[in-house]
Amino acid sequence: MAEPKPKKHKGLIITAIVVVVLVVAGVGMYQWHEHPSFCSTMCHIEQTYVDNYSQEKGVVGTDKYGNEVSNTNAMMAVLHSHNNTTGKNSTIECVDCHEPNMTELATDGMHYVAGDYYLPRTERDLGRMMKWDGKEGTQFCVNENCHAYLRGSDGLVDYNKLEKTTIEMEFNPHSQHHGDNIRVECGECHKGHRASTVVCSGCHNASNPDIPSAVLPDGWVSYQESQQILEDAHAN
């Protein structure tokens, strides 16, 4: 009578198959997480942000709160999704701006399980978005793949360089005439998923004839309108 074959070979085969499956699944998950569909499926349970990001450029659209935006170029998520000037990729995906951080993801996961996860998300400034990586807010925009040409020796936005980029405009929104006393962070004007605003219009407006009025790019809103958008969103 023949002796039974050792079972260790069968165990090794099963282990090898499991390892291969896990590796393939891991690679697939990593590649999937680079695409907007991952964000809408795994995190932003509703399509709120992905639908917003996926809108056509330069048309009438909708912000993350459901408000009409007369020109989708006013929302940085839309504008950047159609932009091929980044040094990293020919297209800009969600994770090129919202870099995954395990601590942040785990915190969001805990809030979701606890029922404390709201959509649309409470608006956060760039400083709060970058805190998980221990970085300053302006580093969000001047990273090596995006607006690095505006970066100073300290790794932050060089406001003098920034001012020169719009020096030909009749009203220069990046003018440093206030000096170091007033530093407006990029995200205070440039909004990702709603109409951007020229914060300067809070003072530089038609009701204040002693100073030049701020010019609003197509689709952008005034400071007062921006505040109303937030007030209405929070009221709901």
Side-chain angles (χ1 to χ4, degrees), residues 36 39-40 44 46-86 89-94 96-98 119-126 129 137-138 140-142 146-147 149-150 157 159 162-175 182 184-208 211-236:
C39 303
S40 63
H44 303 296
E46 298 176 4
Q47 284 283 117
T48 305
Y49 289 88
V50 176
D51 285 347
N52 174 270
Y53 159 89
S54 303
Q55 295 175 93
E56 289 185 38
K57 177 182 174 182
V59 300
V60 176
T62 307
D63 72 5
K64 65 179 180 179
Y65 298 119
N67 302 310
E68 181 179 291
V69 179
S70 62
N71 188 330
T72 52
N73 287 354
M75 295 180 286
M76 297 300 102
V78 178
L79 185 65
H80 285 75
S81 70
H82 296 274
N83 192 331
N84 61 359
T85 61
T86 177
N89 298 314
S90 59
T91 58
I92 299 177
E93 304 285 5
C94 305
D96 289 320
C97 290
H98 302 283
L119 288 170
R121 303 295 305 281
T122 302
E123 190 162 298
R124 297 179 293 174
D125 59 35
L126 297 184
M129 291 177 67
T138 60
F140 184 91
C141 300
V142 296
C146 299
H147 302 283
Y149 56 91
L150 296 175
V157 167
Y159 285 90
L162 181 63
E163 180 177 3
K164 292 177 182 178
T165 63
T166 48
I167 198 170
E168 300 300 326
M169 296 179 65
E170 182 177 353
F171 179 89
N172 187 348
H174 298 127
S175 173
I182 298 180
V184 178
E185 193 178 72
C186 309
E188 292 185 48
C189 289
H190 301 274
K191 305 299 182 182
H193 295 277
R194 67 179 177 93
S196 295
T197 177
V198 179
V199 170
C200 310
S201 64
C203 296
H204 293 263
N205 54 60
S207 64
N208 194 348
I211 57 177
S213 294
V215 178
L216 300 180
D218 190 19
W220 288 46
V221 296
S222 69
Y223 176 76
Q224 290 79 6
E225 290 172 320
S226 178
Q227 294 301 107
Q228 189 63 53
I229 288 172
L230 287 180
E231 184 177 328
D232 292 343
H234 294 160
N236 296 327

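Atom set for the values below is all heavy atoms of this structure, side chains included, hydrogens, waters and symmetry mates excluded.
- Looking at every heavy atom in both residues, Phe171 comes nearest to Pro212 through CE1-O, 3.8 Å.
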- side-chain hydrogen bond (donor to acceptor under 3.5 Å, both in side chains) between Ser213 and Asn205, worked out: CA-CA 5 Å; Ser213 294; Asn205 54 60; over 6 Å; no
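- Residues forming a side chain to side chain donor-acceptor pair (under 3.5 Å) with His193 (at least two apart in sequence, or on another chain): Asn52.
- Taking CD1 from Ile229 and NZ from Lys191, the interatomic distance works out to 10.0 Å, rounded to the nearest 0.5 Å.
- Thr62 pairs by the side chain to side chain donor-acceptor pair (under 3.5 Å) definition with nothing, not counting sequence neighbours.
- Minimum interatomic distance between Ala195 and Val69 (heavy atoms only, all atoms of both residues): CB-CG1, 4.1 Å.
- For the residue pair Thr72 and Glu56, the shortest heavy atom distance occurs at OG1-O, 2.6 Å.
- Among residues two or more places apart in sequence or in another chain, the ring pair (Phe, Tyr, Trp, His ring centres under 6.0 Å) test is passed with His147 by Tyr149.
- Atom NE2 of His174 sits about 10.0 Å away from atom CD of Glu163, to the nearest 0.5 Å.
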Would you be so kind as to tabulate the donor-acceptor pairs closer than 3.5 Å made by side chains of residues 217-224, with sequence neighbours excluded?
residue: Asp218; atom: OD2; partner: Asn71; partner atom: ND2; Å: 2.8
residue: Ser222; atom: OG; partner: Glu225; partner atom: N; Å: 3.2
residue: Ser222; atom: OG; partner: Glu225; partner atom: OE1; Å: 3.3

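- Pairs engaging residues 63-80 under the salt bridge (charged side-chain N to carboxylate O under 4.0 Å, His left out) rule: Lys64-Glu123 [sequence neighbours left out].
- Closest of all the heavy-atom pairs between Val157 and Leu162 is CG1-CD2, 4.3 Å.
- With rounding to the nearest 0.5 angstrom, the CG atom of Leu126 is 10.0 Å from the SG atom of Cys97.
- Residues Cys146 and Cys141 share a closest heavy-atom pair of CB-O, 3.5 Å.
- Within the 3.5 Å criterion, the main-chain N or O of Val78 finds a donor-acceptor partner in the side chain of Ser81.
- Ser196 and His190 share no donor-acceptor pair across their side chains, judged by distance under 3.5 Å alone.
- Going from atom CZ of Arg194 over to atom CG of Asn67 covers 9.5 Å, rounded to the nearest 0.5 Å.
- By the side chain to side chain donor-acceptor pair (under 3.5 Å) test, His204 pairs with no residue at all, sequence neighbours left out.
- When all heavy atoms of Val142 and Thr138 are compared, the pair lying nearest together is CG2-O, 3.2 Å.
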- Task: Decide side-chain hydrogen bond (donor to acceptor under 3.5 Å, both in side chains) for Gln228 and Asp232; before the verdict, give the C-alpha distance in whole Å, the side-chain angles of both, and the deciding distance to 0.1 Å.
- Result: CA-CA 6 Å; Gln228 189 63 53; Asp232 292 343; 2.8 Å; yes
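- Annotation: the span from Tyr53 atom OH to Met75 atom CE amounts to 13.5 Å, rounded to 0.5 Å.
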